[in-house]
Amino acid sequence: MTTNETIKKALSILNGHDFYYMMVDYGYASAEASAKSSMRHFVEVTDTLPSELRLLLRDLWIATYEWCACFRPMWTAEDHKEKEDRKNELQAKVNTILAA
């Protein structure tokens, strides 16, 4: 698998991950297991990348998690815009690498 294919696969896992699994009213245990499996798969895929790219994708995962954590029913964190900007900045870096 090429570097670009690996990055695209990692992004696919990231975009398909349920960052709100803990808010599911039904089947919490299976939702949690699915989320943990998704996280492990992301790590397995990104471990094949050079360290700089692996860290960039890890930072993107964390930024996405932090941005998603800004939103709960009837509550939004005050710093959600800053978290979104950080997530978008990292996503732009990844997109630049894919376009090269």
Side-chain angles (χ1 to χ4, degrees):
M1 194 179 309
T2 68
T3 299
N4 273 8
E5 289 172 338
T6 304
I7 293 171
K8 288 178 184 178
K9 182 163 181 78
L11 290 176
S12 173
I13 296 166
L14 172 67
N15 292 332
H17 182 74
D18 180 9
F19 286 97
Y20 299 104
Y21 71 91
M22 75 290 277
M23 294 176 63
V24 174
D25 289 336
Y26 56 92
Y28 176 76
S30 64
E32 182 179 19
S34 176
K36 286 182 179 181
S37 174
S38 177
M39 287 184 271
R40 281 191 298 272
H41 191 145
F42 182 83
V43 170
E44 289 170 3
V45 168
T46 57
D47 272 350
T48 63
L49 294 169
S51 62
E52 183 178 310
L53 288 176
R54 186 176 68 246
L55 291 175
L56 174 61
L57 287 168
R58 178 182 174 270
D59 289 345
L60 178 59
W61 180 284
I62 292 168
T64 303
Y65 170 82
E66 290 175 347
W67 177 74
C68 289
C70 290
F71 305 99
R72 297 290 183 254
M74 303 186 49
W75 177 83
T76 300
E78 292 179 14
D79 64 345
H80 74 282
K81 183 64 177 143
E82 290 84 12
K83 305 257 185 196
E84 182 177 26
D85 291 345
R86 173 72 175 145
K87 179 180 74 77
N88 291 339
E89 172 190 331
L90 291 168
Q91 184 65 58
K93 286 182 182 180
V94 172
N95 292 341
T96 300
I97 292 167
L98 288 173

Quiz prompt | Worked verdict on E44 versus R40 for salt bridge (charged side-chain N to carboxylate O under 4.0 Å, His left out) | solution = CA-CA 6 Å; E44 289 170 3; R40 281 191 298 272; 5.9 Å; no

Exercise. Working to the nearest 0.5 Å, report the span between CG of L14 and NZ of K9.
Key: 13.5 Å

Quiz item: Can you tell if the side chain of L53 reaches within under 4.5 Å of the side chain of T6, non-hydrogen atoms only?
Solution: no

Quiz item: Is there a path from L98 to L49 through hydrophobic residues (I, L, V, M, F, W, Y) whose side chains come within less than 4.5 Å of each other?
Solution: yes

Practice problem: Count the heavy atoms belonging to other residues, nucleotides or ligands that lie under 6.0 Å from CD of E52, then report whether that count exceeds 12. | Solution: no

Quiz prompt | CD1-CD1 distance between I7 and I97, expressed to the nearest 0.5 angstrom | solution = 5.5 Å

Quiz item: Heavy atoms, side chains only, cut-off 4.5 Å: are L56 and K93 in contact?
Solution: yes

Exercise. Please indicate whether R58 has more than 12 foreign heavy atoms, meaning atoms of other residues, nucleotides or ligands, lying under 6.0 Å from its CZ.
Key: no

Quiz item: In terms of ring plane angle, is the pair W61 and F42 parallel, tilted or perpendicular, where the classes change at 30° and 60°?
Solution: tilted

Exercise. Could you tell me the separation between the CD1 atom of I62 and the CG atom of L90, rounded to the nearest 0.5 Å?
Key: 9.5 Å

Quiz item: Is it true that E89 and R86 have a side-chain N and a carboxylate O under 4.0 angstrom from each other?
Solution: yes

Quiz item: Of the non-hydrogen atoms in I13 and S38, which two are nearest, and what is the gap between them?
Solution: CG2-O, 3.6 Å

Quiz item: How long is the gap from OG1 on T2 to NZ on K8, to the nearest 0.5 Å?
Solution: 7.5 Å

Quiz item: Which pair of non-hydrogen atoms, one from W67 and one from H80, has the smallest distance, and what is that distance?
Solution: CD1-O, 3.6 Å

Quiz item: Are L11 and L60 close enough that some pair of their side-chain heavy atoms sits under 4.5 Å apart?
Solution: yes

Quiz item: Rounded to the nearest 0.5 Å, how far does CZ of F71 lie from CD of E84?
Solution: 6.5 Å

Quiz prompt | Neighbour count above 12 (heavy atom, 6.0 Å) for F19 CZ | solution = yes

Quiz item: Mind checking whether K83 and Y65 have side chains closer than 4.5 Å, heavy atoms only?
Solution: no

Quiz item: Is a side-chain donor or acceptor of Y21 paired with a backbone partner of A33 at a separation under 3.5 angstrom?
Solution: no

Quiz prompt | Spacing of CE belonging to M39 relative to OG belonging to S34, to within rounding of 0.5 Å | solution = 9.5 Å

